[in-house]
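Structure first, then comments.
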Amino acid sequence: MTVPTSRIVDLHTHAGTAATVRGWVTHLRSSGKVAFIVMRDGTGTLQAVLVKSAVPPEIWSRFAELTQETSISITGDVRMDARAPGGVEVGISNLDILGSSPIDYPIQPKEHGVDFLMDHRHLWLRSPRQQAILRVRHEVEQAIQDFFYERGFIRVDTPILTAAIGERSGLFSTEYFDEGTAYLAQTGQLYGEAAAAALGRIYTFGPTFRAEKSKTRRHLTEFWMIEPEVAFFDSNDNMRLQEDFVSFLVRRCLDRRKNELAELERDTSKLENVVPPFARLDYSDAVTLLQRKGSEIKWGDDLGAEDEALIVEEYDKPVFVMNYPKEAKAFYMKENPADPRTVLCDDCLAPEGYGEIIGGSQREDDYDKLLARIKEEGLPLDAYGWYLDLRRYGTFEHSGFGLGLERTVAWICGTPHIRETSAFPRLMNRLKP
RNA sequence: UCCCGAGUAGCUCAGGUGGUAGAGCAGGUGACUGUUAAUCACCGGGUCGGGGGUUCGAGUCCCUCCUCGGGAGCCA
């Protein structure tokens, strides 16, 4: 007679019969003649019960060898029992130790400091909270793919190794054969624009790198970004796409990751508010609002972190701030015909202090204006020849945006720091593990 | 780079006005037939981040360096 092997999530289907489960020990409790093993297999948590009088002595004695994180295989009768966490329990008839674990397993079921946990990130991932975050991240990534697939967007993967092109913030560099210095990509956008001229509606999804010495809860040196680029979309079309997209991601997690959000103790009522449309606040109106609220900001300044917070507190869902002064934004953004001091762009600010999750714009499609902007910024013209070509050969109105994956996941999960949303986050002072 | 804060047992922390260190958890031993981060008893465990100074005496006061956390700037 063979006993079926089950994952914990499916165990209830074996109620009333025997099954084998493999996993890792998370908690041990003993009452002398009854012992409890709580184990994890990646799909759930299971309490198994070992009764001294019900098993041979050699099986009973194995309990004493168990430690936290020992990998084991147990076999026994599956039964529904309200006293067991999760409602399912296994009465052990056989217990095998697959891999022992020394008693110095560092992560205990208690509070730890951040630095300690980050040093043990490879083990920290095993804790329920970290599992939940990674599952939500996975759900968001899948939802991203589904959203764009359903709308006929083509995913285009852009290079990570690039020549100097993109934005102005810090670059990681490396020697690249005889071609001089290569830089790790800060954005795939410019390549995305080229692809949009070929495919119409595209998005990129991949890692980007910023060598900024940022030490805040919102920054990583390596993070993932989703960058759609759409031919014949203007700035308003762009914002409609953004609010649909963000709302879709949030809705998907509410629908399919209830358990994980509960594990994270996320107040989901605040996420339920996230439905289109989002408020649209013109930069100039934002400045007026901020001045009324006591900010020192003057027209022309970029919004500081405090300014963003003041704006966000006015709304219970994400808000767009649009059409910033030219000087505050990147060279490729299209001049606003209604106010040439400004460009057609938007930042999408998430509520609850999570800040900017999207930066988007309509792109400058006029060859001469773009060329002038490149010169104004003192950018190396020869590096942008191909980018200018997109305006020479059938220029087209187009818009796009970049959504930061980790910031979005942090917001949906309600994690205080973005670093928890990456399995192995890279910060300016952390390259290991 | 700048501004705050922190560094004491494996982990989380407490240590008025200076007198060479404590708790909880973890670990070890034992008890307990339904535990839920089990409980109870006993036991082991420390170059107080490094260096220098003041002092009879420094975890404690001063200087300096290092590391970490948070924030600013930059941005997603």
Side-chain angles (χ1 to χ4, degrees), chain A residues 26-38 45-54 60 64 67-68 81-87 89 91 102-120 123-124 127-128 166-171 185-189 206-227 242 246 301-309 324 328-330 347-350 353-360 401-411 416-419 421-422 427-430:
Chain A
T26 62
H27 299 285
L28 295 165
R29 289 185 287 272
S30 165
S31 299
K33 290 170 182 155
V34 180
F36 298 89
I37 301 168
V38 181
T45 302
L46 169 69
Q47 172 169 286
V49 188
L50 189 61
V51 178
K52 187 175 185 179
S53 59
W60 173 255
T67 57
Q68 189 184 354
D81 191 316
R83 291 172 297 183
E89 187 174 88
I103 51 96
D104 60 359
Y105 183 74
I107 301 189
Q108 301 165 21
K110 58 169 284 192
E111 294 290 320
H112 289 287
V114 180
D115 195 39
F116 176 83
L117 289 169
M118 288 304 300
D119 283 341
H120 298 89
L123 302 175
W124 187 21
S127 64
E167 298 177 18
R168 292 164 290 186
S169 50
L171 291 158
Q186 299 180 306
T187 170
Q189 178 204 313
T208 50
F209 306 87
R210 304 276 166 94
E212 286 294 328
K213 293 189 175 180
S214 298
K215 278 179 73 170
T216 82
R217 67 180 74 190
R218 297 185 309 279
H219 289 86
L220 299 172
T221 57
E222 176 180 324
F223 65 96
W224 282 58
M225 192 152 63
I226 300 89
E227 296 181 285
Q242 288 166 47
V246 169
D301 295 344
D302 201 359
L303 268 53
E306 240 171 84
D307 296 321
E308 285 188 6
Y324 284 68
K329 289 291 174 183
D347 286 350
C348 180
L349 308 179
Y354 286 90
E356 185 180 346
I357 55 171
I358 287 178
F401 63 91
L403 175 135
L405 178 68
E406 287 82 1
R407 283 186 184 178
T408 303
V409 173
W411 165 50
H417 197 300
I418 189 176
R419 68 186 150 212
T421 65
S422 171
L427 297 108
M428 60 178 279
N429 56 358
R430 191 167 287 282

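Every value quoted in this text rests on a predicted model; they were computed, and no experiment measured them. Each chain gets a letter, A, B and so on, in the order the sequences are listed, and its residues count up from 1.
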| task | Answer with base, sugar-phosphate or nothing: what part of the nucleic acid does L220(A) contact at a heavy-atom distance below 4.0 Å? | result | base
| remark: pair_partner(G27(B)), Watson-Crick or wobble, both distances < 3.5 Å, evaluates to C43(B)
| query | Taking the side chain as C-beta and beyond, is there a heavy-atom pair between T208(A) and Q189(A) under 4.5 Å? | reply | no
| request: Ignoring backbone atoms, test whether R218(A) places a side-chain nitrogen or oxygen under 4.0 Å from the OP1 or OP2 oxygen of G73(B). | output: no
| Can you tell me how far P of A76(B) sits from CZ of F209(A), to the nearest Å? | 16 Å
| field | Interatomic distance, D104(A) CG vs G45(B) P [rounded to whole Å] | value | 19 Å
| Pairwise P distance, C42(B) and G19(B) [rounded to whole Å] | 29 Å
| field | P gap between U60(B) and A14(B), integer Å | value | 16 Å
| Hey, does A35(A) reach any base, or is it just sugar-phosphate, or nothing, if we go heavy atoms under 4.0 Å? | nothing
| said: Using a heavy-atom cut-off of 4.0 Å across all strands, would you classify K52(A) as base, sugar-phosphate, or nothing? | reply: nothing
| request: Write down the distance between CE (M428(A)) and P (C74(B)), rounded to a whole number of angstrom. | output: 17 Å
| Of all residues at least two apart in sequence or in a different chain, which pass the salt bridge (charged side-chain N to carboxylate O under 4.0 Å, His left out) check with D302(A)? | none
| said: Rounded to whole Å, how long is the line connecting atom CD1 of I357(A) with atom P of A76(B)? | reply: 12 Å
| Can you name the residues that form a side chain to side chain donor-acceptor pair (under 3.5 Å) with E406(A), not counting sequence neighbours? | R137(A)
| said: Under the rule for salt bridge (charged side-chain N to carboxylate O under 4.0 Å, His left out), what residues qualify as partners of R430(A), not counting sequence neighbours? | reply: D115(A), D119(A)
| message | Keeping T216(A) on the side-chain end and R218(A) on the backbone end, is there a donor-acceptor pair under 3.5 Å? | response | yes
| field | Note, W224(A) side chain near V409(A) side chain (heavy atom, < 4.5 Å) | value | no
| Heavy atoms under 4.0 Å, any strand shown: does H120(A) hit a base, just sugar-phosphate, or nothing? | nothing
Which pairs, protein N/O on one side and nucleotides 27-34 of chain B N/O on the other, fall under 3.5 Å?
residue : atom : partner : partner atom : Å
G34(B)  : N1   : E89(A)  : OE1          : 3.1
G34(B)  : N1   : E89(A)  : OE2          : 3.4
G34(B)  : N2   : Q47(A)  : NE2          : 3.3
G34(B)  : N2   : E89(A)  : OE2          : 2.4

| field | Rounded distance in Å between the P positions of G46(B) and C11(B) | value | 13 Å
| query | Within the pair R419(A) and G70(B), is there a side-chain N or O less than 4.0 Å away from OP1 or OP2? | reply | yes
| request: Mind calculating the distance between CG (L123(A)) and P (A26(B)) to the nearest angstrom? | output: 19 Å
| request: Check whether any side-chain heavy atom of L50(A) sits under 4.5 Å from a side-chain heavy atom of V34(A), and report yes or no. | output: no
| request: Look through every strand shown and name the nucleotide pairing with G5(B) as Watson-Crick or G-U wobble, where both distances are under 3.5 Å. | output: C68(B)
| task | Would you mind classifying the nucleic acid contact of L403(A) as base, sugar-phosphate or nothing, using non-hydrogen atoms under 4.0 angstrom? | result | nothing
| task | Just call it for D302(A): base, sugar-phosphate, or nothing, with non-hydrogen atoms closer than 4.0 Å on any strand. | result | sugar-phosphate
| message | With rounding to the closest Å, how many angstrom separate the P atoms on G71(B) and U35(B)? | response | 43 Å
| said: Between R407(A) (side chain only) and E356(A) (backbone N and O only), is there a donor and an acceptor less than 3.5 Å apart? | reply: yes
| request: Measure distances between side-chain N and O atoms of S214(A) and base N and O atoms of C74(B), and say whether any donor-acceptor pair falls under 3.5 Å. | output: yes
| remark: Between CD1 of I37(A) and P of U35(B) the distance, given in whole Å, is 17 Å
| request: Specify the separation, in whole Å, of atom CD of E406(A) and atom C1' of C75(B). | output: 14 Å
| said: For the C1' atoms, the ones on G44(B) and on A9(B), what distance do you get once it is rounded to whole angstrom? | reply: 11 Å
| How far does the P atom of G15(B) sit from the matching atom of G7(B), given to the nearest Å? | 10 Å
| request: Check whether any side-chain heavy atom of L28(A) sits under 4.5 Å from a side-chain heavy atom of I37(A), and report yes or no. | output: yes
| Does any N or O in the side chain of T421(A) come within less than 3.5 Å of the main-chain N or O of I418(A), such that one atom is a donor and the other an acceptor? | yes
Between protein and nucleic acid, restricted to nucleotides 2-4 of chain B and to nitrogen or oxygen atoms under 3.5 Å apart, what atom pairs and distances do you find?
none

| query | If you measure from the P atom in G16(B) to the same atom in G30(B), how many Å do you get, rounded? | reply | 40 Å
| Separation of Q108(A) CD from Q68(A) CD (nearest 0.5 Å) | 7.5 Å
| said: Need one value for G304(A): base, sugar-phosphate or nothing, where a base atom within 4.0 Å counts as base even if backbone is also close, heavy atoms only. | reply: sugar-phosphate
| field | B/S/- contact track for nucleotides 5-15 of chain B, protein heavy atom under 4.0 Å | value | -----BBS---
| message | Taking G57(B) as the reference, what is the distance to G70(B) when you measure between their P atoms (whole Å, please)? | response | 40 Å
| said: Would you say N429(A) places a side-chain N or O within less than 4.0 Å of OP1 or OP2 belonging to U67(B)? | reply: no
| query | Is L123(A) close to P106(A) at the side-chain level, that is, under 4.5 Å between some pair of heavy atoms? | reply | yes
| query | Just wondering, do E212(A) and Q186(A) contact through their side chains at under 4.5 Å, heavy atoms? | reply | no
| What integer distance in Å separates D307(A):CG from C75(B):P? | 14 Å
| query | Does a side-chain heavy-atom distance below 4.5 Å link R29(A) with V38(A)? | reply | yes
| note | Of H27(A) and I418(A), the one whose closest nucleotide on RNA chain B sits nearer the 5' end is H27(A)
